[in-house]
Structures are given as C-alpha cells and as structure tokens.
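What follows is a single structure, written as structure tokens, with notes after it.
Every number for a ligand or one of its atoms is a count from 1 in the order of the listing. Just the heavy atoms: all of them, side chains too, but no hydrogens, waters or symmetry mates, feed the values below. Note that the structure is predicted; figures quoted are calculated from it, not measured.
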Amino acid sequence: MDKKVLVVGGGGRCHAIVDALSRSPKVGKIYCAPGNAGIAAQAECVPLKDTQVDELKDFALEHEIDLTVVGPEVSLAAGIVDVFNSAGLRIFGPTRDAALIESSKDFAKHLMDECHVPTASFRTFDDYAEALEHVRGGKFPVVLKYDGLAAGKGVVIAENMNQAESALKDMLLDDKFGKGRVVVEEFLTGPEFSFMCFVDGDKVWPMTVSQDHKRAYEGDKGPNTGGMGAYSPVPIITDEDIEYSLEHIMKPVAAGMVAQGRPFKGVLYGGLMKTPDGVKVIEFNCRFGDPETEVVLPRLETDIYDIFTAVTDGTPMPEIRWSSKSAIGFVLASKGYPGSYEKGYAIEGLAEAEALGDIRIYHMGTAEKDGKLVTSGGRVLMVVGFGDSLRSAQAHALKAVGCIRCDNLFYRKDIGWRVL
Ligand code: AMP
Ligand code: GLY
C-alpha cells in the first residue's frame with residue numbers, strides 16, 4: 001500500500017523506527033524531520049527541528065501524512081500530539097498531559113504511590129536549606145533528581161555530604177537545569193532493565209526487554225551518558241520478573257493515568273531495577289528508549305505500522321511477535337562525549353561492516369559533507385549485531401566495529417558484561 005509516514009527526530013532511535021517502518025508493506029513513503037545522513041537512505045529528510053511543532057503540523061497537512069510517529073521527549077513535552085490532534089492528524093505518542101510521566105519526576109513518583117507501584121522512597125523539595133537538612137539526616141549514597149527534563153544529566157548519586165551539597169546547590173540555588181524542584185530518593189541496588197510497552201489507555205502490550213549502559217567508560221565507570229550500548233533479550237530477567245513488571249507496574253500505572261484523566265497513548269518506557277526486594281521503578285519515559293530501540297525494533301516481526309495504528313485508532317492489536325535472535329549494539333561516540341567534543345571527522349568502512357551480514361548500523365549523529373559521511377554529534381553510530389546467542393551477536397558486532405575507520409571515535413567493548 002502507499003501510506004505516508006512522518007517520523008519526528010533525528011537520532012539512532014528514529015533511524016530504527018524508520019527502518020522498522022520501511023519493512024512494512026503498507027508504508028509507501030517515509031519522511032523524517034530532521035533525520036540524519038543514515039536515515040536519508042531510507043526516508044526523505046525534512047529540514048525541520050523536532051520542536052518546530054506548528055511547522056511540522058503544517059508539513060503533515062500539506063503532504064497528507066497518514067501517520068506521524070514521535071521519537072524525542074522534547075517534542076512530546078512541547079505538546080506536538082495535542083497540536084496534531086487538534087488539526088485532525090493521526091499521531092503516535094502521548095499528549096503533553098500524559099508526557100508528564102517523564103517530564104516531571106515528582107508527578108511520576110506521586111502517581112506510583114497512588115497506584116501502589118514499587119519504587120524508591122522519596123521526598124520533593126524546592127528549598128535548598130530544607131533539602132540539605134533532609135539529606136544530612138539520611139543515609140548515603142542518596143539519589144538527587146532534578147524535577148524536569150535534563151537529557152539524562154539531572155540525576156546525581158551523592159556518596160557523601162559534600163557531593164550532595166554541591167549537587168543541590170547546582171539544582172536549587174544556581175538553577176543549572178532551569179528553575180525547578182529536586183526529588184531526593186532512596187538508593188536502590190541491582191541490575192537495571194528497560195521494559196517498553198505499547199499503551200492505549202489501560203491496554204498494555206509488552207515489548208521484549210533490553211538493557212542500556214549509561215556510563216561512558218568500561219566497567220560502568222565515568223559520567224552518565226545518553227547510553228553507550230544495549231542488548232536484547234536480557235537473560236538475567238526471568239519470565240516471572242517480566243510478568244510481575246507487567247501486572248504490578250506497567251498495567252497499574254497505565255490505569256492510573258486513565259483515572260487521572262490523562263490517558264497514555266504511545267510507548268511507556270519503564271526503567272526498572274531488579275533489587276533484592278523485587279523489581280522496582282527507577283523512572284518512566286514517555287517514548288521509545290535510546291539506544292534500546294536500536295536493539296528491540298530490529299527483533300520485531302510484526303508490521304509496526306499495524307501496531308502504531310492499533311494504538312492511535314483503538315483498532316484490534318495484531319499479535320506482537322519477536323525474533324528469537326539476540327541483538328547487541330555498540331555506540332561509537334565522539335572523543336570527549338558526554339563532555340565537549342569536535343565534529344566533522346570523516347567516517348569510512350560502513351559498507352564493509354554491513355557486508356559482513358547479521359549487522360545493522362544506525363546513525364545517531366552523522367551528516368554528509370562534500371559527499372562524505374562525517375561525525376556531527378556526541379553519539380555518532382550504533383553498530384548492532386545479531387546472532388543465535390548474545391555471544392555470537394557480540395562477535396558479529398565487534399567485527400563490524402573493527403571495519404569502521406574514523407579518527408575521533410571511542411566505544412565501550414564491554415556492552416553486555418552482566419550476561420556475557
Ligand atoms: P534516571 O534518569 O531516573 O533513570 O536516573 C539515571 C540513572 O541513575 C539510572 O539509570 C540509575 O542507574 C541511577 N539511579 C536513579 N535512581 C536511582 C535509585 N533510586 N537508586 C539507584 N540508582 C538510581
Ligand atoms: N536509554 C534511556 C533513555 O532512553 O532514556
């Protein structure tokens with residue numbers, strides 16, 4: 001068929017969404033705004049930013065787009081779904097009110113309390129002195145979370161009073177991320193995993209689970225990043241853990257959103273931790289995870305266009321099937337990331353890498369300059385390998401990484417260390 005789809009966003013997650021849509025026989029044309037040099041091979045890139053909500057709406061009307069799919073949280077928090085809905089356009093994602101589950105940590109924590117969903121105990125502060133007093137009277141490490149969107153950088157795990165004081169000062173006195181509050185949270189331990197579900201109101205359809213690696217360097221050391229690699233499935237997470245997470249976390253929260261008058265439609269992402277006391281919530285996101293999507297969607301065997309329309313239109317959901325293959329992805333990032341880094345370095349060897357087979361390369365931050373592929377972001381490429389086991393997927397991916405030549409990239413070789 002000939003459906004026209006617009007994907008909003010430009011990183012590896014959107015490349016994986018575009019890739020999944022391009023496998024649908026129903027989809028005839030894909031646009032991506034703004035896209036990137038890799039996405040351009042599968043979609044027509046549109047020079048609009050993910051926050052240019054009105055311009056995106058005009059584009060969708062003009063080009064008679066059948067379905068828009070939103071990648072980044074900034075577009076959702078900016079109300080893109082509300083604007084498209086008002087214009088009678090079909091769009092996959094939550095409204096601004098429902099996106100609050102990610103954009104406000106305080107909202108998410110209170111919702112979890114109301115729904116009796118297991119999570120770390122917490123208190124919210126807007127006053128620096130009060131927050132400091134509370135932290136002084138509690139245990140270390142303690143988790144301090146800025147109550148707003150901070151691109152994964154608004155969370156500090158303070159080991160002692162000095163670190164806590166400096167983080168609270170950044171967040172509450174110096175407004176480093178903007179004017180906001182701070183959630184002070186109990187520190188939990190255990191392996192984390194990402195449980196993304198398609199959600200339409202109180203109906204919840206689970207995806208296969210994955211695990212992200214947030215720290216920049218091997219051994220889970222160094223600063224937090226947007227994610228340095230991921231794999232799926234996650235053998236240490238049992239079927240019972242998944243069943244528990246679905247029944248006692250994702251479904252009650254989806255029902256809680258309906259009860260609050262802000263029904264959720266789209267992908268609800270549970271950032272969960274398997275603690276010694278059972279699975280607990282670390283955070284919720286209101287969209288596909290990045291880089292988890294790059295290892296989850298290539299394993300999807302069902303037509304994703306049908307899934308998207310089932311959620312947006314409330315039509316019957318097809319059976320969602322997953323390949324038994326394992327997937328593991330290595331992020332190649334610019335040297336210096338997540339701090340400052342340079343752009344514009346030539347990248348070569350991608351065709352050779354893909355020719356090895358059992359490989360997909362998703363572009364995170366690339367551009368074309370004078371006919372050549374160059375780096376244009378902190379995270380540049382995600383090389384995903386597939387195999388009958390995680391170990392063979394890892395071997396395929398690392399061999400492919402070895403083909404890629406660029407003077408300014410680094411990566412973590414230990415993605416998957418918890419299970420390999
Ligand atoms: P968040 O942005 O809330 O996902 O936090 C970023 C990272 O900080 C998480 O992926 C965890 O590794 C860590 N973290 C957040 N909250 C906690 C907690 N309560 N206990 C332990 N680690 C946490
Ligand atoms: N990988 C974590 C996130 O998408 O927020």
Does a sphere of radius 6.0 Å around NZ in Lys169 hold more than 12 heavy atoms from other residues, nucleotides or ligands, not counting ones at 6.0 Å or beyond? no

Glu192 heavy atoms within 4.0 Å reach ligand 1 at atoms 9 (C), 10 (O), 11 (C), 12 (O)

With a cut-off of 4.0 Å, which atoms of ligand 1 are near a heavy atom of Lys214? 10 (O)

To the nearest 0.5 Å, tell me how far Leu144 CG sits from Phe187 CZ. 12.0 Å

Closest heavy-atom approach to atom 8 (O) of ligand 1 among Val155, Leu272, Val184, Asp220 is made by Val155

Tabulation required: pairs of a nitrogen or oxygen in ligand 2 and a protein nitrogen or oxygen under 3.5 Å; columns are atom names and distance to 0.1 Å; otherwise 'none'.
unit_1, atom_1, unit_2, atom_2, d
ligand 2, 1 (N), Asp212, OD2, 2.8
ligand 2, 1 (N), Asp290, O, 2.9
ligand 2, 1 (N), Glu292, OE1, 2.8
ligand 2, 1 (N), Glu292, OE2, 3.2
ligand 2, 4 (O), Arg287, NH1, 2.9
ligand 2, 4 (O), Asp290, N, 2.9
ligand 2, 4 (O), Asp290, O, 3.4
ligand 2, 5 (O), Asn285, ND2, 3.1
ligand 2, 5 (O), Arg287, NH2, 2.9

Which ligand 1 atoms, with their elements, are less than 4.0 angstrom from a heavy-atom of Phe187? 20 (N), 21 (C)

Show which side-chain atoms of residues 107-114 pair as donor or acceptor with protein atoms under 3.5 Å away, not counting sequence neighbours.
unit_1, atom_1, unit_2, atom_2, d
Lys109, NZ, Thr119, OG1, 2.9
Lys109, NZ, Ala120, O, 2.7
Lys109, NZ, Glu185, OE2, 3.2
His110, ND1, Asp106, O, 3.1
His110, ND1, Asp106, OD1, 3.2
Glu114, OE1, Gln260, NE2, 3.2

Can a side-chain donor-acceptor contact be found between Tyr231 and Gln211 if the only test is distance below 3.5 angstrom? yes

For Lys179 against Tyr146, the heavy-atom pair lying closest together: O-OH, 3.4 Å

Closer than 3.5 angstrom, by distance alone: can the side chain of Thr312 be matched with the main-chain N or O of Ile91 as a donor-acceptor pair? no

Taking both backbone and side-chain atoms of Asn224, is any N or O found less than 3.5 Å from an N or O belonging to ligand 1? no

Do the side chains of Asp220 and Lys214 get close enough for a salt bridge, i.e. N-O under 4.0 angstrom? no

Would you check whether Leu188 has a nitrogen or oxygen atom less than 3.5 angstrom from a nitrogen or oxygen atom of ligand 1? yes

Short list, please: which atoms of ligand 1 are under 4.0 Å from a heavy atom of Val143? 16 (N), 17 (C), 18 (C), 19 (N), 20 (N)

Do the side-chain N and O atoms of Thr68 and Arg90 include a donor-acceptor pair separated by under 3.5 angstrom? no

Does NZ in Lys4 sit with more than 12 non-hydrogen atoms of other residues, nucleotides or ligands closer than 6.0 Å? yes

Hey, is Arg215 close enough to Asp414 for a salt bridge, meaning N to O under 4.0 Å? no

Could you tell me, atom by atom, which parts of ligand 1 come under 4.0 Å of a heavy atom of Lys105? 1 (P), 2 (O), 3 (O)

